[in-house]
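Structure first, commentary second.
Heavy atoms only: backbone and side chains are in, while hydrogens, waters and symmetry mates are out.
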Amino acid sequence: MTRIQKLATSLLFGTMLMSAAPAFAEAVLHRGNAGEPQTLDYAHISIDIEGFVVRDLFEGLTIFDAKGEIIPGTAESWTVSDDGTVYTFKIRENANWSDGSPVTAEDFVFAMRRLEDPKTAAEYANILYPIKNAEKANKGEVPIDQLGIKAVDAKTLEFTLERPTPFFLQLLAHYTALPVSKANFEKFGDQFVKPGNMVSNGAFVLQAHVPNDTLTVVKNDKYWDAANVKLDKVIFYPIDDDAASVRRFEAKELDLVYNFSADQIKRLRESYSDQVHVTPGLATYYYVFDNREPPYNDVNVRRALSMSIDRDFLAQEIYAGAQLPAYNLVPPGMEGYGQGPQPDFAALSQIDREDKAVELMKTAGYGEGGKPLEIEIRYNTNANHERVATAVADMWKNTFGAKVSLVNLDVASHYAYLQEGGKFNVARAGWTADYADPENFLALDISTNTTFNYGKYKNEEFDALMKKSYEETDPAKRMAEMKKAETILMNDQPIAPLMNNANLWLVSSRVSGWGDNPVNEHLSKFLSVSE
């Protein structure tokens, strides 16, 4: 064989080997997400399953890392004025949108003005009220261009606040503070979040969305930190059937499962050990009463219903110890707040509570010898919530002879109904801290909070104390005013706090980079998978 023939044979053999070698496999994370998002427009989202998706697609000035701590996001640095009311952010020079255009300060100005514009009717606009004139602009009292945010130059953004806000950097990691590509929005309007239209600045871009089936995002190669993003694709599965999620995890079809059934903790731990994550969170599970209609507009009825609920049973028997009994709204762990004020019945035994509850109900004219109680409990579809509702129904039946019916909807429909002001008797709700401050919980029941004050509770003294807390600059005095406010709330019982939540996750052993944290933030950009 000649030298030329040998070279040709060698090249041919090499080519055959290359063609026979498998292509590099995509790094794909299969992420169970516990329900279908109402929308991906972050002016109109309010629950964690929507936030998990949106924050993979878009990035704010700050973000939560895997430990749940605030770190720089699209902003590389910031400064704060001596009086704590002016924040100036420097946006990264290499921060770009997925279409290659630069992320600018004006994109943030545009997004936040859109959020606070009354025409947008953003359900969560109040979270940014610490920004100068945000509340007034949102209520149409001043023009939207008076919002305290301005683009100093293309990459410098300045906020002026109403008052010092210790948790402002946490607020900016919230999905209400995400930017919008002004050019893209002007092109597509409210349809800017649809597949094919969306331009995003986060670690991933939206590839496809098949409602109630899958939502697929792929790596954004224009992202400023793309070199450190180890996943090629994340597929979200909106499964609200806990048992189905667990089965798919066990079949290795899902890498992550959120909110599995608590009665499975022991079995799953025996089989999957440290793949089962039960993490205390800054969260409260509660029932809300519709304060607009009798008998729930009667404080005696609300107190009676609340005190007759055996919270220890719910936490230990239904949640297998993965939750803690709660008697007040603000969960433990808030720096400077300590133990929140509890209603007087919290110190009684469960038997004494039930006896007291019967007396209160008789005073209100209901229960034994009075008008019959017919109660409907609404909850979002979930095995744990169903078991809680069934147990509470039995408690009310045994204590008062109440006739209780249950109604459930998927998570998106359940919260949409409550936020839109639908009438109800009793409804399940939960709140996880957007930022680690009691205000984030207590603000839920301010009378002007038309979105999250589901029961339409109104107490002028409570509102006045919360207003005073907003104006108080001394941290200790501010906390004291909020404790006074929560004392009123717990005496009135417009809501019945039941448990402080733990976050329940199944995390496959093939996933790396996962960090348990109390704010329940888990950006896919920090995760990787191995075969």
Taking the six-membered ring for Trp and the full ring for Phe, Tyr or His, determine whether the centres of [X] and [Y] are under 6.0 Å apart.
{"X": "F52", "Y": "Y258", "value": "yes"}
{"X": "F168", "Y": "Y87", "value": "yes"}
{"X": "Y124", "Y": "Y42", "value": "no"}

Answer yes when [X] and [Y] have at least one side-chain N-carboxylate O distance shorter than 4.0 Å, and no when they do not.
{"X": "K150", "Y": "E158", "answer": "yes"}
{"X": "K468", "Y": "E472", "answer": "no"}
{"X": "D437", "Y": "R478", "answer": "yes"}

Quick one, D190 with R114, criterion salt bridge (charged side-chain N to carboxylate O under 4.0 Å, His left out). Give me CA distance, side-chain angles, the key distance, then yes/no. CA-CA 11 Å; D190 290 339; R114 174 178 178 255; 3.5 Å; yes
How far apart are the C-alpha atoms of N440 and W431, what are their side-chain angles, what is the distance that settles it, and do they pass the side-chain hydrogen bond (donor to acceptor under 3.5 Å, both in side chains) test? CA-CA 9 Å; N440 189 219; W431 194 262; 3.3 Å; yes
Please tell me if the side chains of [X] and [Y] come closer than 4.5 Å, counting only heavy atoms from C-beta onward.
{"X": "Y287", "Y": "L305", "value": "no"}
{"X": "Y129", "Y": "Y470", "value": "no"}
{"X": "F313", "Y": "I318", "value": "yes"}
{"X": "F345", "Y": "S306", "value": "yes"}
{"X": "I131", "Y": "L147", "value": "yes"}

If only side-chain N and O atoms count, and only distance matters, is there a donor-acceptor pair under 3.5 Å linking N300 with R303? no
Any donor-acceptor pair under 3.5 Å from S469 side chain to E481 backbone: no
Ignoring hydrogens and angles, tell me if any N or O in the side chain of D240 forms a donor-acceptor pair with the backbone of G35 under 3.5 Å. no
Over-ring placement of R428 relative to Y285, 6.0 Å and 45° cut-offs: yes
Spacing of K456 atom NZ and N291 atom CG [to the nearest 0.5 Å]: 10.5 Å
For the CD atom on E461, are there more than 12 heavy atoms of other groups (residues, nucleotides or ligands in this structure) within a distance under 6.0 Å? no
Counting heavy atoms not belonging to E141, are there more than 12 under 6.0 Å from its CD? yes
